[in-house]
Amino acid sequence: MSSLLPEFLLILTAFFILIIDLFDAFNSESSLSPEFYALSGIGFSIISLFALWGYAPTTYFGGQFVVEEIDIFFKGAILVAGFFTVTLLPAIFNLKNLVKNHYPEFIVTLLFTLSGMLFLASSRDLVTLYVSLEMATLPLFALTAWEKSKFSAEGAIKYLILGAVGSSFLIFGFGILYAFTGSLSFESIRVALAQPHQDTLNLVLLAVAFIIPGLGFKLTLFPFHTWAPDAYQASPTPVTAFLSTASKVTGLVLATHLLLRIFSFQLKDLQPVMVVLSVATMTLGNFVAMKQENIKRFMAYSSISQAGYLLLGFLTLSPEGIASVLFYSYIYIFTNMAAFAVITLHIEQTQKQNILSLKGLSKTSPGYAAVLMLALFSLAGIPPLSGFVGKFFLFSIAAKQGYHIVVAIAAINSTVSLYYYLKIIKQMYINSPDEDTPSLKAPLVTKAGLILATMGTVFIGLIAPFYDQILWASEQWFKLWIK
Amino acid sequence: MNSHLLEWLIMSLFIFCVGIYGLLTRKSGVGLLISLELMINAGALNFISIHRFLYPAQVDAQVFVLFVIAIAAAEVLLALALFMLLIKKQQPVDITQLNHLKH
Amino acid sequence: MGILSLIVFIPFLTAIFILFAKSPKTIKSIALAGTGLHLLASFVLTYLFFNSPQNINPDPTGLSLQFVEKWDWFSSFGVSYFLGVDGISLAMILLTSVIIFTGVLASWNVENRSKEFFALLLLLVTGVFGVFVSFDLFLFFIFYEVAVLPMYLLIGIWGTGPKEYSAMKLTLMLMLGSAFLMVAFLGLFHLSGLNTFDMTKLAQVNFDLQTQRWIFPTLFVGFGILGALYPFHTWSPDGHASAPTAVSMLHAGVLMKLGGYGALRIAVYLLPEGAKEWALFFMALTTINILYGSLGAIKQKDLKYFTAYSSVSHCGMVLFGVATLNFIGFKGAVLQMVSHGLMTGLFFSLIGMVYGRTHTRIINEMGGLAKVMPWLATSFYIAGFASLGLPSLSGFVAESQIFMGGFMGNPWHDLTWMRVLTVLSTMSIVVTAVYVLRGLAQVFMGPITNLHFNELTDASLTEKVTTALLIASLFFVGLYPKFFVDMIEPAINPIINRLNM
Amino acid sequence: MVLLPTWMILAIPLLSFIINGLFVRRFSGHLAAKIGTIAIGFNFLFSLALAYYFFQSGELSTLEWHTEWLRFQSNLIIHIGVMIDPLSAMMLVVVNTISFFVHIYSLGYMHDDEGVGRFFSYLSLFTFSMLGLVVAPNLFQMYVFWELVGVSSFLLIGFYYTKPSAVSAAKKAFIVTRFADLGFLIGILLLGYLGLSVNQGQISSVYSPLDFLFLNNPDVGLQLASSGLLTTGLLLIFIGAAGKSALFPLHIWLPDAMEGPTPVSALIHAATMVVAGVYLVARLFPLFNLAPVALEVVSWVGLFTSLFAAVIACTQDDIKRVLAFSTLSQIGYMIFALGVASDLYPLGYTASLFHLFTHAFFKALLFLGAGSIIHAVHTNDVWQMGGLKKYMPITHITFLVAVLSISGIFPFSGFFSKDEILTAALESGHMTHYLVGLFVALLTSFYMGRIYFLTFWGQSRSHENASHHPHESTWVMTLPLVLLAILALSSGWLPFANYLWFAHKHDHHSLNMTVAFSGTLAAIIGLSSAWFLYSKNNFSKVQKIQTGMGQAYQIIKAKFYFDELYLFVTHKIVFNKIAGPIAWFDKKVVDGGVDLTGEMSQTFGQKLTLIQTGQVQNYIIWFIVGFITVLTLYYNTVL
């Protein structure tokens, strides 16, 4: 039972907060504000997650729910993303009128999404996969529309419609897969797909064609990314942060299940598709980000381009591949969260979302400007920050497969990405602020989250044992599974 | 792969395409939801027809379809809630008008 | 924590200290103390290098590195923190410590936001030192990009003229160069079969000709972009013109040498067959580089563009020396790196001083300054004579080696072609003489053009120390080249043996 | 071995340069002047003693001292050292004497100039580099000091740096010589390469391939000659020599070099620097001997320069320009004397060096004399002088001695050295060289007579008011004049042949009567026609001749428009047609290319933003497009 503990703790905290809200207990002065409960809930679930570390992979619900070392790392990443998102919340929800802007409900929805994502990581058959995927995505539609701004509804609706289209493609694809074995578990499908005899070959083709868009939607790959900019812009900044980190990691989890656990024998033939998709995503993400004015929309395209880099990790069926993806996703979460912390404070306190409004931030609040600069440099992949180390390992996977041209394109793309990151740094450091701009003030919790994220951005890449542990975990997984 | 199953698969593919066509042409929000439902149900139909012809014994497909239906319902619910938001802000529930967030 | 890690991280620690300092006075003195300490450390390193027992690498094509520090970092990825020093790196460390010391001195009157200025400057120099001592490609790449990145802020915030445009262009082009390098390094790593980034091990691998044929040009161009190779040099004139004095001193003096150093140390050493295929092409390209740079300098109006074009031509000579693929040519390339570093350092510091007084860098607007500032005029002339290759100054020693190397040819290239290219690039000594004398005569000689030049003052103490130190080192290299030749020759033997293998 | 180590001869001027240059000249210029003069005086005595001991010891050549300077590779090491042999001993004496006398003279001439300290430190720098060039044991060290001499001449010509004409003259001198040094450097590289290939044959592993003792070694020479590249190498080196000695195509800088103070012209542009080219050809003569084509070129270039310069000298008005062209013509003499020499008729070699020896004294005397004249009348223009005989007796007498000596009248040194050159040309069968040589001798005596009569005879034509009469210079300036006059007289009698000879030492046979007679006749004709035209004040006859020659006279007077030609080539062609377009090309095309890529990616990004139309329907279309692309892509990879 213990390996279900992380998910269970989250749901328990969610209900606990609901009950407190029921009795309207938050308004009284004595009680702690809701995010403390959420933070402690997530904290406990992280601790329980890593307590599972030593035990051999444990299976529940007849093989539908399995916790392997690799899943522990994926779940860890999701929980960390959730943790940071919660630290951002006090910055935007002014605690006086909790009831009016439904702060406790926001946290509850968030916790439900998180638990859905954790279930997804351990699912081993199509039903659990689909259910937990929807459990992870549906609350997000609600969270995107939380703000009372003019366009929040529009963004949420677009997100929902495309989400529905994506999941319908997914279901159709799963249907075709079901035709092969009659059972829904990944393992049996994978084995069945190992030697598809001639006439079912085009069926496999159709299945793949239907499933990739579903994955593409979740991972914001090129043709399926169109929802992301609008959804990121419409939602409140912490949710944008959550979308760009946690939902990105969920996409990676989905990719691990689909590409490595189901289509592992088709991976060789899928390489050209994946290469085209990743190059297209990178290039689109980087080149469009150059022309963006709005900060949130800009971060959307930046995260789309990161998805392009992450896809490179799936080009190979080797432990290094999944290890570098995981390593980079941890780095990406810490970096993005550091960046979003400053952006949330800025947008919240100046009510302006235009990049130009960042003018002279280094003079008004030097500390936050330095943090944002470090985060952006890490996103651009500049050593000695950890973004570079992560990207280097990812590109090395593509180079290992001999795709040197792809590595070249990716390298050029990261130079282009440096251009638009430097544009922001120019605003902050070179241009001078208008006279009266006040310096940014941050609630204690957000400041703590910010410091933690910055420490992660700088040090994760330098600490070798962290990567070695991830690599060991993926080797265990491959050893256990490729036999 | 007997012929009957093929007919059903083609039928579900056809419904799927109708759904897509509906999505692309409908202006009103509700029309959109209907075509979304069509697409999701086409997927479910797919499952049922395979279950009926190939693996009548296993019950997995039915479990899957039940979940699909439930989740589709949840999505529709959410969509309607969002439309309510639109209406509260005096914006018409017309998808083609919703183009303020662009480029 | 060996001496090499000390050498690399002294500037970094000084930068950290500076962040805590308050008044500009203390900031500058900490920076000066740090770089002074560093200068001392590099002299101690040189003393130890010559006197401590040399561990000679038995295999003739292997590098014999001293003071090696090697710890595993990402062991699964074959990445290790591998520092070592041989003749070439030591020469470059000496150059860099002199330039950063004089650079800090030259920027004594930077008032606005001097804390960030000195911190970034020292961060940049940490990267440069790191490159010269690291022998693991991954570590090399990290230090390589750390050296390039502060440039954007340094030029962007403290620069003059179209500073944002040139800062952005400079950073992007140099980053593009390092993109080339990343592709090549990953290619080397994966095609070598052994899972390591350690340069000494990669040097034992004989890559097949096909891979060498595409990796070598990528590497050479990647390094060439920083070393102002012909078509990719456009960032250098704008970059230097807009950069503040110390930054352009450091950049032209030291950073552009990373290109030459990398081309020699990595491109030619790891891929000898690729070098044999491509060297003649790059030799032709660098000949254009040399003549084009010097001819371009004649018509320049602004003193900084004038020096920037001259350093494009001189850096072209470094890459020309590397492309000759023979013993004398390589030694000439390294000597030219040292000599050009000192020369450009002196030139840019002087321009900074003159600009500080006349507030104009346009050559025609100035005239007859020698009467008013004799010290600056004489040091300007010494820098000019060094750049046109007057004997007894470092320029001549380096250029004669490069031209002799080019003339001697190598067994793999057609001798007459090399002779033609060498003669063409030797012509640059005349063109350099033309533009140096024209420029200096216009600025310093002749009657005083506008009147309020009369009350301009001559060099202050810090300026005198800067110019004296640089001029002394120029004369030292020019008069007693044996010191550097003995240092560099053993380090070049492995590269030559590898080519002859 | 002399009482002091020979490298002292180099160290003393260098020391005086450093002491004066860095420290003393700030405090008192005059002290610096005195230090410089004493140092060179010591050098003068030391070189005399050195030459005396060397010629006593009768050795061929001694490599006194050398240390490794620059190592190219193990078998190509460049040494800095001092080599004494008859040629360098003679040159040591010449350079040190002239330099010493010029130093004394400058004490007076530069007395009231505020940059006197700077002047004397530059003079010591020049002497140091000239001596370094003279004693160089190898070609590379000679090139090093060759450049240092070039720099010191640049500094000295541009001494009055506030005068724009002096600045451009200094620039022109340095750039033209630098252009010639390019040829010299390439020549060195070529000879170094050839030497290396010969050296592999281990002829003599003691020397590095660029040492003179190695290059002049007969069997090495033969091997070098067989390689076919020797002639090109030597011609390249001759270009270097032509640049420094201002031979025909590269002569334009010498007349402008007169912008410098007169003592500088006397020292550098009369006696020492300009003969460096002759010294270089003489030093490598055994090699030149093996390349007859090169020798031919040398002789013809020398001949043409002497004729060309002599013709122009007759038309110049500025006294220093006349002397400059006369130097050009005399150096042409020395060069063509070397050109006609060969191992069959070695007399040309000795004659050329003998003429170098004597010419140094009387040309320095002429310049110093001109200096004291200018000092007195404050103008260079010959037409504003006249009748100075009465006011400046010593200058007049010494000037006369020099004029007679250069024209080649009997007892004076010029007669002997010029006579030997003409005999060498006659005996070695170069008839044209002999005849042209004679004609040039005539022209020389004509133009020398012309300026002598114009300055010293007739009435004073100076615009200054009559009351202020020019007075004789102080003893400090006249003493060197007298000493030089004595030397100009006596140096002719020195038995030069048995000190300096090539191939075999033939005994000093008597003068060749026909040459002596024809030479003196040419001199007398020249002098008398000059006396006839210029001694009286009415110059009607001169006007008649000038109008008679018409346009030709103007062309000659304007130095055949060579200066304008060079200006045209450098400014119009190089600066505007090559450097300008390159600067433009770099700004617009190469820079433009980079900016273009920037714009292109910006517009590409702009186009891509249009995918986000905001319409949900379009997003779904993109979704389906994605589906189709995945389908087709996967289809053609699998099937």
Side-chain angles (χ1 to χ4, degrees), chain C residues 168-169 172-173 230-235 237-238 291-292 295-300 309 327-328 331 368 370-371 385 388-392 396-397 400-401 403-409 419 422-423 426-427 429-431 433-435 437-438 441 444-448 479-482 485-486 489, chain D residues 67-74 76 78 118 129 140-141 143-148 150-151 154-155 158 161-164 166-168 170-171 174-175 177-179 181-182 185-186 188-190 192-193 196 570 574-576 578-587 590-595 598:
Chain C
M168 185 60 87
K169 182 161 84 166
L172 286 186
M173 281 188 86
Y230 168 61
F232 311 105
H233 65 286
T234 51
W235 56 268
D238 294 330
L291 277 180
Y292 180 93
L295 281 171
I298 294 175
K299 291 296 271 186
Q300 290 309 331
Y309 272 99
F327 185 76
I328 309 177
K331 186 164 52 176
K371 188 166 284 309
F385 284 133
L388 58 88
L390 182 76
S392 84
F396 172 75
V397 163
S400 58
Q401 298 264 355
F403 296 138
M404 183 70 89
F407 218 86
M408 288 300 162
R419 285 258 173 81
T422 319
V423 166
T426 329
M427 279 182 199
I429 61 171
V430 180
V431 181
V434 166
Y435 73 74
L437 292 183
R438 253 170 69 91
F444 288 99
M445 296 246 202
I448 289 202
L479 290 174
Y480 184 58
K482 192 168 182 310
V485 163
D486 292 349
E489 267 184 2
Chain D
T67 153
E68 181 197 311
W69 176 53
L70 183 65
R71 183 180 39 233
F72 285 101
Q73 57 190 22
S74 52
L76 182 59
I78 305 299
R118 192 156 60 87
S129 13
F140 203 87
Q141 179 187 335
Y143 178 78
V144 165
F145 283 101
W146 192 272
E147 295 276 326
L148 284 178
V151 161
F154 167 80
L155 292 173
Y161 57 79
T162 41
K163 239 164 55 180
V167 169
S168 62
K171 232 170 5 149
F174 190 82
I175 290 169
T177 37
R178 185 73 179 169
F179 180 76
D181 293 350
L182 171 67
L185 182 62
I186 297 169
I188 290 176
L189 293 180
L190 190 57
Y193 176 76
L196 260 179
T570 47
V574 171
F575 290 169
N576 300 354
I578 299 173
I582 281 190
W584 173 85
F585 176 80
D586 191 65
K587 200 90 205 86
V590 181
D591 223 1
V594 170
D595 296 343

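Letters A, B, ... are given to chains in the order of the sequence lines, protein chains preceding strands, and every chain is numbered from 1.
Listed options D/Leu190, D/Asn576, D/Leu148 were ranked by heavy-atom pairs under 4.5 angstrom with chain C; first place goes to D/Leu190. Note on D/Ala170, D/Pro581, D/Ala579, D/Ala583: by heavy-atom pairs under 4.5 Å with chain C, the leading option is D/Ala579. The greatest number of non-hydrogen atom pairs below 4.5 Å with chain C, out of D/Trp584, D/Phe179, D/Tyr143, D/Phe575, is found for D/Phe575. Among C/Gly409, C/Gly368, C/Gly406, C/Ser400, the residue making the largest number of heavy-atom pairs under 4.5 Å with chain D is C/Ser400. Of the listed residues (C/Tyr480, C/Phe444, C/Phe403), the one with the most heavy-atom contacts under 4.5 Å to chain D is C/Phe403. With chain C as the partner, the residue from D/Phe72, D/Trp69, D/Tyr161 showing the most heavy-atom pairs under 4.5 Å is D/Phe72. In terms of heavy-atom pairs under 4.5 Å with chain D, the best-connected choice from C/Leu390, C/Ile448, C/Thr234 is C/Thr234. When C/Phe385, C/Phe407, C/Tyr435, C/Trp235 are compared by the number of non-hydrogen pairs under 4.5 Å with chain D, C/Phe407 comes out ahead. Options C/Phe327, C/Phe396, C/Tyr230 differ in how many heavy-atom pairs under 4.5 Å they form with chain D, and the most are formed by C/Phe396. Taking chain D as the reference chain and counting heavy-atom pairs below 4.5 Å, the highest number among C/Val431, C/Leu479, C/Leu172, C/Leu388 is found for C/Leu388. Chain C forms the most heavy-atom pairs under 4.5 Å with one residue out of D/Val574, D/Ile78, D/Thr570, D/Val167, and that residue is D/Val167.
With a threshold of 4.5 angstrom between heavy atoms, C/Tyr309 approaches chain D through side-chain atoms but not through N, CA, C or O. Heavy atoms closer than 4.5 Å to chain D are found nowhere in C/Phe232, neither backbone nor side chain. When heavy atoms are compared at a cutoff of 4.5 Å, C/Met168 does not approach chain D at all. At a 4.5 Å heavy-atom cutoff, the contact between D/Asp595 and chain C is made by side-chain atoms alone. When heavy atoms are compared at a cutoff of 4.5 Å, C/Lys331 approaches chain D solely by way of its side chain, counted from C-beta outward. For D/Val594, the part lying under 4.5 angstrom from a heavy atom of chain C is the side chain only. With a 4.5 Å cut-off on non-hydrogen atoms, D/Leu76 touches chain C through its side chain but not through its backbone. Using a 4.5 Å cut-off between heavy atoms, C/Pro447 touches chain D through backbone and side chain atoms alike.
The structure places CZ of C/Arg438 at 12.0 Å from OG of D/Ser168, a figure rounded to the nearest 0.5 Å. Atom CD in C/Gln401 sits 9.5 Å away from atom CZ in D/Arg71 (nearest 0.5 Å). The CD1 atom of D/Ile578 sits 8.5 Å away from atom CD1 of C/Ile298, with the distance rounded to the nearest 0.5 Å. For the atom pair D/Leu185 CG and C/Met404 CE, the distance stands at 8.0 Å (nearest 0.5 Å). If you take NZ on D/Lys171 and CG on C/Leu437, they are separated by 8.0 Å, rounding to the nearest 0.5 Å. Taken to the nearest 0.5 Å, the OG1 atom of C/Thr426 stands 13.0 Å off from the CG atom of D/Asp181.
Qualifying side chain to side chain donor-acceptor pair (under 3.5 Å) partners for C/Lys169, counting only residues two or more places apart in sequence or in other chains: C/Tyr165, C/Asp238, D/Asp591.
Classified by interplanar angle (parallel below 30°, tilted 30° to 60°, perpendicular above 60°), the ring pair D/Phe585/C/Tyr292 is perpendicular.
When side chains are defined from C-beta on, D/Leu189 does not count as touching C/Arg419, because their heavy atoms never get closer than 4.5 Å.
What you find for C/Pro231 and D/Val590 is that their closest heavy atoms are O-CG1, 3.6 Å. The nearest pair of heavy atoms linking D/Arg178 to C/Ala433 is CG-CB, 3.7 Å.
With D/Asp586 as reference, C/His233 is the one residue of C/Gln300, C/His233, C/Lys299 to meet the side-chain hydrogen bond (donor to acceptor under 3.5 Å, both in side chains) rule.
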